[in-house]
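Everything on this sheet refers to the single structure shown next.
Note that this is a predicted model, so its numbers are computed, not measured. In the text below, chain A, chain B and the rest are named by the order of the sequence lines, each starting its count at 1.
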Amino acid sequence: MTTTQQLHELPAQYDAGQTERGIYERWVEAGIFSADEKRSRRNGGDREPFVIVMPPPNVTSVLHMGHGLNNSVQDVVIRWRRMRGDEALWIPGLDHAGIATQNIIEKQLAAEGKSRDDLGREAFVVRTTEFVERTGGEILQQLRSIGASCDWNRTAYTLSPTLSRAVREAFVQLHERGLIYRGHRVIHWCPRCLTSLSDEEAQHGEEQGQLYHIAYRLADSRGDETLAVATTRPETMLGDVALAVHPDDSRYRHLLGKSAILPISNIRIPIIADEYVDPAFGTGVVKITPAHDANDFEVGTRHKLPTPVIMTPEGTMANGADAEVRVPPDLAGLDRFEARRRIVELLKRSGQLVRAEPHQHGVRHCYRCDTVVEPRLSDQWFVRMEPLAKPALKAVRDGTIRILPERWEAVYVDWLENIRDWNISRQLWWGHRVPVWYCDSCGKQIVSRTDVSACDSCGGPVRQDEDVLDTWFSSWLFPISTLGWPDKSGAALVAFYPTDDLITAPEILFFWVSRMIMAGYAFMDAAPFHTVYLHGTVRDTDHVKMSKSLGNGIDPLDVVNNYGADALRYTVIAGMGMGADLILDHRDLERSFAPGRNFATKLWNIGRFLLTNVGSAPVRSVHELTDKDLSLPDRWILGRLNSTIRECDLALGPARPGKGKWRAEERYSGLRLSEYAEAARRLVWNDIADWYLETTKGRIAPAAGGVDSEVARAVLTHAFDTALRLLHPIMPFITETLWQRLPTPIAAERAEFLAIAEWPVAHPASTEEERATAQFDIVREAVTALRQVRSDYAIPPGKSIDAIIRARENESLFQAHDQLIGRLARASIRVGGKAPAAGAAHVLLADGSEVIIPLGGVVDLTKECGRLRTELEQLEIQLHSLSKRLRNEGFTGRAPASVVEAERRKEEDWLKRREHLTDKVKALCGG
RNA sequence: GGGCGAGUAGCUCAGUUGGUUAGAGCGCCUGCCUUACACGCAGGAUGUCGGGGGUUCGAGUCCCUCCUCGCUCACCA
């Protein structure tokens, strides 16, 4: 392959789309994303497994920036471990997303003027399945386009037959262990989705409402004695079965055992005493509505009160099966909020509304449709959580599992300590059907792993429970079900469980993460992962969470198309402070993503320079080069590579706990992705491109030739090779493209792809390296000073600063220049030396070598070592006599104190100066 | 109401265990198409580190307090 052909492959203008195209397929075809069970050490192989299970995106719609961020982070980690030689496995997946998906299909149907009942359950499921196949396929395609290196052979879907088997197994096992039960109680109900919700799915909100004080007439009382009750939800009063006061409340003790008349319904209800009532709040009298309030239900149970239902599932007023007629005809059928207004009106008219005051109170909303949730009495399936929570709590407490950032551990612990039973049944059609069958003849209830067609006791016909399971009841099994559970001895589960990192957003810490940990212990007796990394949320410039419905979202595919997947990834990774939110401007993609694109362009152009100037013939290996061969810039950049590798390792690792559990000192380190990205960026841009590459220009030019030219080619190639490796996890496409074309040494063992090439290894920093760094820093300082003079005096690029100074064309320039150089090293550096190429800085070093950097003046350090040494010698002499004088009591005794003090200060200054000069001589003159 | 987090350059954010002159990217100003790159190069300006108090030789960093924003949990009707 000739140079021109290669250049032909690297057009002057970097085009992300064209560059990225095709690479992904080559990776997949080569099978490098596929993990092999046999290679896992746990299965007799020779590699450490490293496994990440993807938080499965909902199949409801295509990906948004949150997914872009989440999957970029996961891919960075998994690619890093793959390069480190682990058997890296990233399991991709999709979540059927029960309520969310059903809502979408229902909306589609509504647009067609139909309801789900018009279709019937079976047709509805068929239609939803078709929808899911479309969106699911699209999502997986999107993941590929951002470069996600998943093992696609293991793509999981929560509603697939294999995962459904795991769901049933889990349900049956927990039932057998007495951890799943049928409960009759007040749960959160969404009147729009027409299903029950778990506590987590009913989200808190604050609302400004009214606290209504209502007068209940006392029964059997002469006159119009009343009892005032405060409520925020007057519509529920029709379901009141009692009034409650605190047993110690002396104001009401005389009323205990008596009755009140429920307004509107005109029903007698008892006045009871219960500790639950807070005498200090409102009037100290609480209306008890057991069917429509969780607390009231408990009170009602304690007092064996009836539980009349006065609302339909849709949230309209209606008499339940209760014998008493509570909802009058003119209220029946009204929506709950309309009913509230009407009831308040009725009470006002009858004079029973004492007053209404503004009141801020908590209102729960459906997490899927934001409808105000209605507490509702019903029969649901529950998981008893306390026994499951115990090991999950212990795991975080004893360091088996760590959560990053650290502060979430307290949140996690708090939730588990106050865990409540989990309502897992949903009155939906889309999901895993509850694996319970009922026999209508003998009433038997059968919980079964396999479908049941007839009653096993009486042989009678059976019907399956109509409900489906909470979506999270399938996703909480993800780390085990995707690896083949319940087949505990299967190769995948043995090789890859437990997994390593779980990377997700804090929003689903309770929904998903905590429950996965519980499931891990419940079904595998081991934590599912050792690290939980909770990253920030993607927000817009007003710090509002990005969402499609708010119209402030960014489509990751737009970014990929306009800026490239690498730019997208770089942007989110570089912006990923530990646990910090990522702020992006949805109205100005340029502002958010240009830096990533620009960085990719920078890499591209370094690549072009390298291919043009180093050529395509393999360079010498840097390992063959001796110290004698290396110039100062070479030694410097090799040192920089080494320290950057160390920085990256330090920011990323450790990847796993040293001895099974996290030790305190390592527990909260690692996964500092923005630091890793910044270290790699600095190396490429500030070190390689800005300095090292410039120093090679004169050396590898066609005219140069010789050994030094070869050395420069070898070191530059090696430096860029290393940088590409370090950057590959963040920007896989462009680094792979460039790396494939590098003229790496012929002897070098070279992987087929950068994606599986070895991660660079740092060696301990040597004093040699530190010296090179110190020396080169001085060179840089000198060049910068010269540039500053050029800039301050507007010296045109083509003109040599040296010539101007010699000609004394500009006296003030001469002075300024002199001052600057002076500031660098007093008189130790002077302008001069051999005639420079126009616009280049020649820094002549003590050993006779020179560093040439474009855009500067001329600094000759060669002769300055002598001057430096002379100055140092003179200083030593002066210092010697000064110190002697200060130690002479004749002087200190007779001279005024102020003079002695001044001399002391002078000595201090000179000591510092000596130190400074000594360092400089060491750095410049080699000892 | 409880808990947690944040407030550092115009914007988005870094600032490890308190230690020379507080950093980066973007933006801004000046000059440059210097044969890898104008998606670039060189140079430059910009901070009462939210307010107040304290500890210390020394505080962006530790303590107290107040203010302003978030997030999260909560059965006070």
| query | For B:rG3, does OP1 or OP2 lie under 4.0 Å from any side-chain N or O of A:Arg407? | reply | no
| task | For A:Glu694 and for A:Thr541, find the nucleotide of RNA chain B with the closest heavy atom, then tell me which residue's nucleotide is more 5'. | result | A:Thr541
| message | Tell me whether the side-chain N/O atoms of A:His359 come closer than 4.0 Å to OP1 or OP2 in B:rA77. | response | yes
| query | Does A:Lys697 make a side-chain N or O approach to OP1 or OP2 of B:rA36 shorter than 4.0 Å? | reply | yes
| query | Going through the distances and angles, do A:Asp199 and A:His188 end up as a side chain to side chain donor-acceptor pair (under 3.5 Å)? | reply | CA-CA 7 Å; A:Asp199 292 341; A:His188 302 293; 3.2 Å; yes
| remark: Residue set satisfying side-chain hydrogen bond (donor to acceptor under 3.5 Å, both in side chains) with A:Lys602, at least two apart, ordered chain then number -> none
| note | Given protein heavy atoms under 4.0 Å, the one-letter contact record of nucleotides 21-30 of chain B, with B base, S sugar-phosphate only and - none, is simply ---SS-----
| remark: By nearest-nucleotide position on RNA chain B, the 5'-leaning member of A:Arg672 and A:His204 is A:Arg672
| query | Which part of the nucleic acid, if any, lies within reach of A:Glu507 when heavy atoms closer than 4.0 Å are counted: base, sugar-phosphate only, or nothing? | reply | nothing
| said: Is it true that, when you exclude A:Gln18 itself, more than 12 heavy atoms of the residues, nucleotides or ligands shown sit nearer than 6.0 Å to its CD? | reply: no
| said: At 4.0 Å (heavy atoms only), tell me whether A:Ala580 reaches a base, stays on the sugar-phosphate, or touches nothing. | reply: sugar-phosphate
| Which residues share a side-chain hydrogen bond (donor to acceptor under 3.5 Å, both in side chains) with A:Tyr367, sequence neighbours left out | A:Glu201, A:Trp472
| field | Contacts of type side-chain hydrogen bond (donor to acceptor under 3.5 Å, both in side chains), residue A:Asp540, not counting sequence neighbours | value | A:Asn552
| note | Any stem touching RNA chain B, meaning at least three consecutive Watson-Crick or G-U pairs under 3.5 Å, ordered by first number, would be B:1-7 with B:67-73, B:10-13 with B:23-26, B:28-32 with B:40-44, B:50-54 with B:62-66
| request: Just jot down the ring pair (Phe, Tyr, Trp, His ring centres under 6.0 Å) partners of A:Trp189, sequence neighbours excluded, or say none. | output: none
